[in-house]
Amino acid sequence: MAAADDADVPAPPAARAMSAPAADAPAHRYDAALAERIELAWQDRWEAAGTFETPNPTGLLSDGFERVADRPKAYVLDMFPYPSGSGLHVGHPLGYIGTDVYARYLRMTGHNVLHTMGYDAFGLPAEQYAVQTGQHPRVTTEANVANMRRQLRRLGVAHDLRRSVSTTDVAFYRWTQWIFLQIYGAWYDVEADRARPIAELVAELESGRRAPAEGTNPSGRPWADLDELERRRVVDAHRLAYLHEAPVNWCPGLGTVLANEEVTADGRSERGGFPVFRRPLEQWMMRITAYADRLLRDLDRLDWPEAIKVMQRNWIGRSEGALVTFPADGPGGPAAIDVFTTRPDTLFGATYLVLAPEHPLVDALVAERWPDGTDKRWTAGAATPKEAVEAYRLASARKSDLDRQVEERDKTGVFVGSHATNPVNGASVPIFVADYVLTGYGTGAIMAVPAEDQRDWDFATLFGLPIVRTVQPPEGWDGEAFTGDGPAVNSANADVSLDGLDVAQAKRRIIAWLEAQGSGRGTVTYKLRDWLFSRQRYWGEPFPIVYDEHDLPIALPESELPVLLPEVDDYSPRTFPEDDATSEPEPPLGRNPEWAEVTLDLGDGPKVYRRELNTMPQWAGSCWYELRYLDPTNEDALVDPAVERYWMGPRSAEDCGGVDLYVGGVEHAVLHLLYARFWHKVLHDLGHVSSSEPFRRLFNQGYILAAAYTDDRGVYVEASEVVERDGRFFAGEVEVRREFGKMGKSLKNSVNPDDLYESYGADTLRLYEMFTGPLDQSRPWDTRAVVGVYRLLQRIWRNVVDEHTGACHVTDDPPDPETLRLLHHTIAEVRIGMETLRFNTAIARITELNNHVTQHFAPGAPRAVAEPLVLMLAPLAPHAAEELWSRMGHDDSLAWHPFPVADPAWLAVDTVEVPVQVDAKVRARITVASDADAAAVEAAARCDERIAALLAGREVARVVVVPGRLVNFVLH
RNA sequence: GCCCGGGUGGCGGAAUGGCAGACGCGGAUGACUCAAAAUCAUCUGCCCGCAAGGGCGUGCGGGUUCGAGUCCCGCCCCGGGCACCA
């Protein structure tokens with residue numbers, strides 16, 4: 001799940017931040033050196049005491065559960081990071097700090113909190129980094145994971161480290177392979193609307209209760225008449241993981257094929273930006289389309305940002321319409337062309353058909369010669385339809401998606417030489433091949449209605465095809481295709497008339513008619529395609545699949561798991577010039593011939609089998625890691641069902657269950673989040689998990705942006721080396737241009753957290769990142785501004801600890817009522833800030849309280865204020881808070897101490913200051929009893945000198961009094 | 001083109017339809033200091049005014065309301081997603 005900027009060169013050392021400790025500073029001032037001592041000491045204590053180890057209700061990790069058994073549970077999760085070779089920059093931990101603050105707050109408010117962090121360590125970038133450094137990917141990956149663990153520990157995040165996993169751990173990927181076997185061993189029962197074990201399908205086929213599903217039995221003969229191999233093929237065609245020969249996204253520059261989701265809109269690889277070409281290849285596919293409707297429907301049950309839901313809805317792309325069959329006369333005899341349309345109401349205006357170049361019926365429809373009088377524009381100058389179609393197909397296959405984009409969508413195509421019949425009016429319509437019709441969507445064939453579809457209009461105009469309006473455009477319409485609503489026209493035959501109906505009515509009537517005629521039916525289509533699951537890569541999970549002498553796949557039994565990733569001489573992928581569309585994928589696992597063939601006894605005695613040489617995509621591990629965190633040491637199951645039910649189970653009949661809070665970036669809106677939902681639903685259907693969704697609540701954190709600088713070639717220069725002079729920016733003597741962008745290697749504007757620890761400490765870094773804005777917002781990094789929260793910590797410190805002696809100097813003086821009112825208001829507001837993930841406002845309220853304490857009680861604060869203040873600080877700056885707590889005489893960690901509760905008695909106030917307005921402009925403020933009624937407040941307002949002067953001699957038209965809020969005198 | 005977000009001081013950002021700019025950075029002035037840093041104190045939206053005070057202010061234009069940053073309509077700009085999906 002790595003973000004795109006993670007391809008890997010070690011970062012240059014970032015600039016040293018400033019702030020050297022003053023030579024004559026008091027010995028016990030809170031400075032960076034003291035912060036470091038405190039932080040390292042508390043990190044050791046937490047670890048030694050197992051402070052953040054979270055017990056399960058049962059199983060290996062259940063020690064101590066009785067202590068938390070009556071607490072509500074909370075599962076807080078960060079998106080699985082990829083352990084980058086260059087380590088963290090200060091942008092990465094924004095979300096990790098946020099979840100840590102929230103999780104610590106939940107623990108202090110009485111929850112049993114599960115929070116840990118693992119590593120998505122397989123995949124392309126790890127492999128590329130290893131290739132660059134000449135080391136085995138396992139070596140570099142493990143070193144990167146160790147470095148990231150060190151950096152996170154230094155940040156003070158309260159993770160349960162016993163639960164930390166890496167996708168590359170054999171003990172982890174064994175279960176990834178096991179889940180693959182479950183998916184391979186399942187099929188989708190459309191009537192039951194869920195996946196079921198494949199054995200149940202076989203039993204139903206055997207018993208005759210069920211016939212093979214449409215498209216799974218090419219011979220068409222009944223199951224009973226099929227031989228063993230034919231039966232295996234039929235069963236395999238039902239599986240949720242299946243082999244399929246189809247055009248795939250081949251990326252020569254990366255040397256692998258990619259999923260649709262990994263290809264950008266302009267036809268390039270999301271990672272690396274290399275061109276992607278369509279190329280037919282047999283690959284493993286995941287039948288995610290079987291879940292399209294449930295993935296769409298269940299979005300309504302999720303507490304996710306609306307933007308993400310919209311992106312998933314768009315990606316799934318449900319559209320309702322109709323399948324219509326057009327009979328055709330091919331040279332080889334009659335054929336039937338099924339088209340999908342969302343506008344069956346426009347059928348009377350269909351004046352030609354278009355098939356995608358790869359459509360399987362094209363060959364059967366190509367005529368021997370051009371019909372007499374064929375328009376020259378339709379032939380592309382070819383002597384015969386066959387020549388024209390072949391040339392066109394070749395040309396479009398050679399185009400990458402990028403090329404198709406560049407050509408500004410000028411319509412191209414050729415006539416195949418034959419005609420079809422429009423079922424509603426018997427009209428003979430010409431059949432074209434054109435690449436504006438896509439193979440993978442609908443049926444790969446359309447009926448073209450130029451009057452109501454702009455694409456068809458463009459094509460019809462270019463090729464001189466007839467245009468018949470079937471929806472009356474409004475008065476004064478001067479556009480081309482009309483896609484709006486209006487009364488149907490020109491839409492009647494002897495049997496049925498749509499004329500005068502609106503679009504929705506016309507659709508219903510024509511679908512009914514088509515169904516009665518047997519010419520079509522209403523149907524639903526999705527944009528979502530099945531997920532291409534094979535990669536020609538070394539650094540991924542091997543498939544638990546072998547092939548027999550018939551080249552048919554066989555699942556390895558569970559007892560053969562894990563299938564270990566073999567050693568090979570050269571694990572680097574075979575890549576090609578990035579535009580070499582004709583290159584052939586070559587999986588690196590094939591370089592170990594001893595591994596590639598294996599002798600096994602799978603029930604028929606020892607036989608030689610050929611192993612699957614592709615590996616799984618990086619997404620595989622992140623599809624289920626949240627389940628493994630629950631029960632990471634379980635060797636008998638991916639997760640104990642009782643443990644899953646406790647942490648992720650539904651809370652009510654309507655609840656989908658899942659993680660209580662999932663925090664990560666928007667970039668995973670369709671990739672990871674869709675794949676993970678799909679796997680989770682399969683596991684749910686097969687009875688392995690009780691939750692039907694993995695992530696009940698999703699929150700997108702913003703990014704840390706930072707200034708980046710380009711020279712006059714537009715090349716980024718190292719931001720830490722740029723200096724500002726008179727509002728202009730220079731790298732050495734060269735003037736550079738400033739811009740702002742997401743912090744990362746590509747913009748050369750990374751800031752290393754290690755430098756911040758050295759200059760200020762981890763607590764200051766944590767506070768700074770939380771203070772600059774609400775968690776879901778991106779914000780620019782400004783090293784100069786870090787000092788603000790550093791001062792806050794120093795001031796709090798000084799209110800508790802004597803800077804010169806190090807002694808605690810809190811007093812036992814009772815605070816005055818004003819202070820207590822402020823304290824309890826602060827508690828109430830800090831709680832709101834914590835619960836809404838707006839930690840910036842919580843920090844602001846803490847700052848105000850501390851400023852008040854400084855002004856009224858310096859040098860030492862009353863204990864009755866200092867203690868709740870420190871407890872409120874604890875989730876945000878846990879080390880400093882622990883240290884202060886301990887210096888105030890407490891032996892135990894405050895991590896489990898109850899969070900302060902606001903006393904309602906102190907939230908109520910005796911008097912309030914309300915503004916008095918004249919004509920909605922504030923002219924005075926008066927202080928009144930907080931329970932004063934409207935008449936009393938108005939009377940008090942009229943008594944105010946300034947107000948009295950302003951009202952003197954004027955007629956008051958109206959008086960608005962909102963008790964406790966304001967008074968407004970409205971004059972004429 | 002379509003679909004989402006978002007426009008508030010020099011900057012990051014606060015504001016259940018009810019005192020716009022909390023809190024912080026930056027800036028100014030002062031205290032301490034030989035001096036500087038650190039620390040502390042005061043001020044700091046813009047304009048007019050010596051002041052008291054007044055005027056203007058939440059992208060632009062309208063509307064609803066006693067009252068709009070907040071609600072409604074129409075624009076402009078910025079960021080993101082999708083893009084020949086029939």
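Letters A, B, ... are given to chains in the order of the sequence lines, protein chains preceding strands, and every chain is numbered from 1. Heavy-atom basis, side chains included; hydrogens, waters and symmetry copies ignored.
Put simply, the side chain of A/Ser759 never gets that close to the backbone of A/Leu756: no donor and acceptor are under 3.5 Å apart. The closest donor-acceptor contact from the side chain of A/Arg29 to the backbone of A/Leu34 lies at 3.5 Å or more, if one exists at all. Side-chain N or O atoms of A/Asn799 include one that pairs as donor or acceptor with a backbone N or O of A/Arg795 at under 3.5 Å.
Proximity of the aromatic rings of A/Tyr768 and A/Tyr760 is defined here by a centroid distance below 6.0 angstrom, and this criterion is not met. Remark: aromatic rings of A/Phe432 and A/Phe463 are close, center separation under 6.0 Å.
For A/Tyr436, whose side chain is taken as the heavy atoms from C-beta onward, the closest listed nucleotide among B/rA22, B/rG67, B/rC84 is B/rC84. Looking at the side chain of A/Arg923, the nearest of the listed nucleotides B/rC84, B/rG55, B/rC23 is B/rG55.
Contacts between residues 835-844 of chain A and RNA chain B, counted as heavy-atom distances below 4.0 Å, involve A/Arg838, A/Asn840, A/Thr841, A/Ala844. Residues from residues 765-780 of chain A lying near RNA chain B, meaning a heavy-atom separation below 4.0 Å, are A/Phe771, A/Thr772, A/Pro774, A/Gln777, A/Ser778, A/Pro780 in numerical order.
Geometrically, A/Lys411 engages A/Tyr436 in a cation-pi contact defined by less than 6.0 Å to the ring centre and at most 45° from the axis.
Classification of A/Glu829 and A/Arg838 as a salt-bridged pair fails, no side-chain N sitting under 4.0 Å from a carboxylate O. Checked for salt-bridge contact, A/Asp782 and A/Arg784 meet the test: a charged N lies under 4.0 Å from a carboxylate O. Using a 4.0 Å cut-off between charged nitrogen and carboxylate oxygen, A/Asp919 and A/Lys921 do not count as a salt-bridge pair. Using a cut-off of 4.0 Å between Lys/Arg side-chain N and Asp/Glu carboxylate O, A/Arg313 and A/Asp300 are scored as salt-bridged.
When the shell of 6.0 Å around CD of A/Glu945 is examined, it contains 12 or fewer heavy atoms from other residues, nucleotides or ligands.
Within the 4.0 angstrom heavy-atom criterion, base atoms lie near A/Gln917. In this structure, A/Arg313 reaches neither bases nor backbone, as no heavy-atom distance under 4.0 Å exists between it and the strands shown. Heavy atoms of A/Arg29 sit under 4.0 angstrom from primed sugar atoms or phosphate atoms, though from no base atom. Residue A/Val922 is classed as a sugar-phosphate contact, given heavy-atom separations below 4.0 Å to backbone atoms only. Residue A/Arg318 is classed as having no contact, given no heavy-atom separation below 4.0 Å to the nucleic acid. The residue A/Val310 sits close only to the backbone: its heavy atoms come under 4.0 Å of sugar-phosphate atoms, none of a base.
Going from atom CH2 of A/Trp315 over to atom C1' of B/rC4 covers 17 Å, rounded to whole Å. Rounded to a whole Å, the NE2 atom of A/His852 is 17 Å from the C1' atom of B/rC23. Put simply, CZ on A/Arg791 is 12 Å from C1' on B/rA37, counting in whole angstrom units. Remark: P of B/rG67 and CZ of A/Phe969 are 16 Å apart, rounded to the nearest angstrom. Separating the CH2 atom of A/Trp781 from the P atom of B/rC25 is a distance of 15 Å, rounded to the nearest angstrom. Rounded to whole angstrom, the span from the CG atom of A/Leu950 across to the C1' atom of B/rA52 amounts to 14 Å. Remark: C1' of B/rC84 and CZ of A/Phe340 are 15 Å apart, rounded to the nearest angstrom. Rounded to an integer number of Å, the gap from A/Ile846 CD1 to B/rA22 C1' is 15 Å.
Mapping A/Asn851 and A/Val962 onto RNA chain B by nearest heavy atom places A/Val962 closer to the 5' end of the strand. The nearest heavy atom of RNA chain B to A/Arg343 and to A/Val914 marks one nucleotide each, and the one closer to the 5' end goes with A/Val914.
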So what's the dot-bracket for RNA chain B: Watson-Crick or G-U pairs under 3.5 Å, [ ] if a pair crosses, | if it pairs off-strand?
(((((((..(((.....[....)))((((((.......))))))((((....))))..(((((..]....))))))))))))....
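Taking only side-chain nitrogens and oxygens, A/Arg965 never comes nearer than 4.0 Å to OP1 or OP2 of B/rG67.
Taking all atoms of both residues into account, the shortest heavy-atom contact from A/Thr523 to A/Ala322 is CG2-C, 3.9 Å.
A donor and an acceptor atom, one from each side chain of A/Thr470 and A/Glu452, are located under 3.5 Å apart.
Using a 90° window around 0 for the glycosidic torsion, B/rG55 falls outside it and is classed as anti.
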